[in-house]
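One structure is given here, and the rest of the page talks about it.
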Amino acid sequence: MPYFSDHQLKLITSAEGKTLQKILIYFWVNKLNPSESVELIDNVEFHFTDKSTLVVTCNDESNGLNVIDDFNFEQEKADLKLEFGDTIRMIPIDASTTKMWVDVIGETIESIDLSKEGENYLDDALIINFGVEKRTIGLSPLDGL
């Protein structure tokens, strides 16, 4: 089972106590086969009122979550274009007003809960507790994050 690293756990706990300002999601769009376009949520980027960010993405093996603080969309977009031309793209969307996020914009993260196995924390999901409501981010084979 994959686990969060100590560095990832520090990033996760650093978001606790911060107030959510906006949410960006990055759709990964594969048009390799024009009749079957595939769209997955590749990244969820939390923007906080203190100007910090936290990005949830999938790990290198695509079987669990990864948490980073240094996502560079422009570089990622350029790398995809270089490798795949226009058949695979990444599209950012402000999701702050979507049904999933609108009620927690402006709320403070009280805690981020994780599954635990022994002394290790599984990278299967993040349960973000805003006090008034919770949001869960996990990995789905059909939808991405």
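Along the sequence shown, residues are numbered consecutively beginning with 1.
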Handout entry: From CG (Asn30) to OG1 (Thr87), nearest 0.5 Å
Key = 6.5 Å

Exercise for the section: Kindly give the heavy-atom pair with the smallest separation between Asn63 and Leu139, and that separation in Å. Expected result: C-CD2, 3.8 Å

Problem - Side-chain heavy atoms of Cys58 within contact of Leu65, under 4.5 Å - result: no

Exercise for the section: Nearest 0.5 Å please: distance from the NZ atom of Lys22 over to the OG1 atom of Thr97. Expected result: 11.5 Å

Practice task
List for me each residue that meets salt bridge (charged side-chain N to carboxylate O under 4.0 Å, His left out) alongside Glu74, sequence neighbours excluded, and say none if there are none.
Solution key: Lys77

Practice task
Going by the side chain to side chain contact (heavy atoms under 4.5 Å, CB included) test, name the single residue among Asn43, Ile41, Leu80 that passes it with Trp28.
Solution key: Leu80

Problem - Distance in Å, Gln75 CD paired with Asp79 CG, rounded so as to fall on 0.5 Å steps - result: 4.5 Å

Practice task
Not counting sequence neighbours, which residues clear side chain to side chain donor-acceptor pair (under 3.5 Å) with Glu83? List them please.
Solution key: none

Completion exercise
With sequence neighbours left out, the residues meeting side-chain contact (heavy atoms from CB on, under 4.5 Å) with Asp50 are Lys18, Phe48, Ser52

Practice task
Give the cluster check for Ile91 versus Val44: same hydrophobic cluster or not, with ILVMFWY residues linked at side-chain heavy-atom distances below 4.5 Å.
Solution key: yes

Handout entry: Interatomic spacing from CG in Leu54 to CD1 in Ile12 - rounded to 0.5 Å
Key = 7.5 Å

Handout entry: Pairs meeting criterion ring pair (Phe, Tyr, Trp, His ring centres under 6.0 Å) with involvement of residues 92-138, two or more places apart
Key = Phe46-Trp101

Practice task
Indicate yes or no: at least one non-hydrogen side-chain atom of Ile105 is less than 4.5 angstrom from one of Gln21.
Solution key: no

Practice task
Please answer whether the main-chain N or O of Ile23 pairs with a side-chain N or O of Ser96 as donor and acceptor at a distance below 3.5 Å.
Solution key: yes

Exercise for the section: Show your reasoning for whether side chain to side chain contact (heavy atoms under 4.5 Å, CB included) applies to Phe27 and Arg89. Expected result: CA-CA 8 Å; Phe27 276 105; Arg89 297 181 305 148; over 6 Å; no

Exercise for the section: Nearest 0.5 Å please: distance from the CD1 atom of Ile25 over to the CE atom of Met90. Expected result: 12.0 Å

Exercise for the section: Identify whether Ile109 and Met100 are in the same connected component of the hydrophobic contact network (ILVMFWY, side-chain heavy atoms under 4.5 Å). Expected result: yes

Exercise for the section: Using the test side-chain contact (heavy atoms from CB on, under 4.5 Å), find all partners of Thr13 that sit at least two apart in sequence or belong to another chain. Expected result: Glu16

Practice task
Would you mind reporting whether Leu114 and Leu9 have side-chain heavy atoms less than 4.5 Å apart?
Solution key: yes

Handout entry: Summary of salt bridge (Lys or Arg N to Asp or Glu O under 4.0 Å) pairs that have at least one residue in residues 90-103, sequence neighbours excluded
Key = none

Exercise for the section: Using the test side-chain contact (heavy atoms from CB on, under 4.5 Å), find all partners of Thr136 that sit at least two apart in sequence or belong to another chain. Expected result: Ala125, Ile127

Completion exercise
For Lys81, the salt bridge (charged side-chain N to carboxylate O under 4.0 Å, His left out) test, sequence neighbours excluded, returns Asp86

Handout entry: Distance-only polar pair, side chains of Glu76 and Asn72, donor-acceptor under 3.5 Å
Key = no

Practice task
Check side chain to side chain donor-acceptor pair (under 3.5 Å) between Glu119 and all other residues, then give those that pass, not counting sequence neighbours.
Solution key: none

Handout entry: Test item: side-chain donor near acceptor, Asn66 and Thr57, under 3.5 Å
Key = no

Completion exercise
ring pair (Phe, Tyr, Trp, His ring centres under 6.0 Å) pairs touching residues 60-97, sequence neighbours excluded, are Tyr26-Phe71, Tyr26-Phe73

Handout entry: Side-chain heavy-atom pair Glu107, Leu20 within 4.5 angstrom cut-off
Key = no

Problem - Within-4.5 Å side-chain heavy-atom neighbours: Leu24 and His47 - result: yes

Problem - Residue pair Arg135 / Val104, side-chain heavy-atom distance below 4.5 Å - result: yes

Exercise for the section: Provide the closest heavy-atom pair for Ile112 versus Ala15 in the form atom of the first, atom of the second, distance. Expected result: CD1-CB, 4.0 Å

Exercise for the section: Apply side-chain contact (heavy atoms from CB on, under 4.5 Å) to Glu110 and list each qualifying residue two or more places apart in sequence or on a separate chain. Expected result: Asn129

Practice task
Could you tell me which residues satisfy side chain to side chain donor-acceptor pair (under 3.5 Å) with Ser115, sequence neighbours excluded, listed by chain and number?
Solution key: Asp124

Fill in the blank from the handout: Shortest non-hydrogen pair, Thr19 vs Gly106, comes out as CG2-O, 3.4 Å

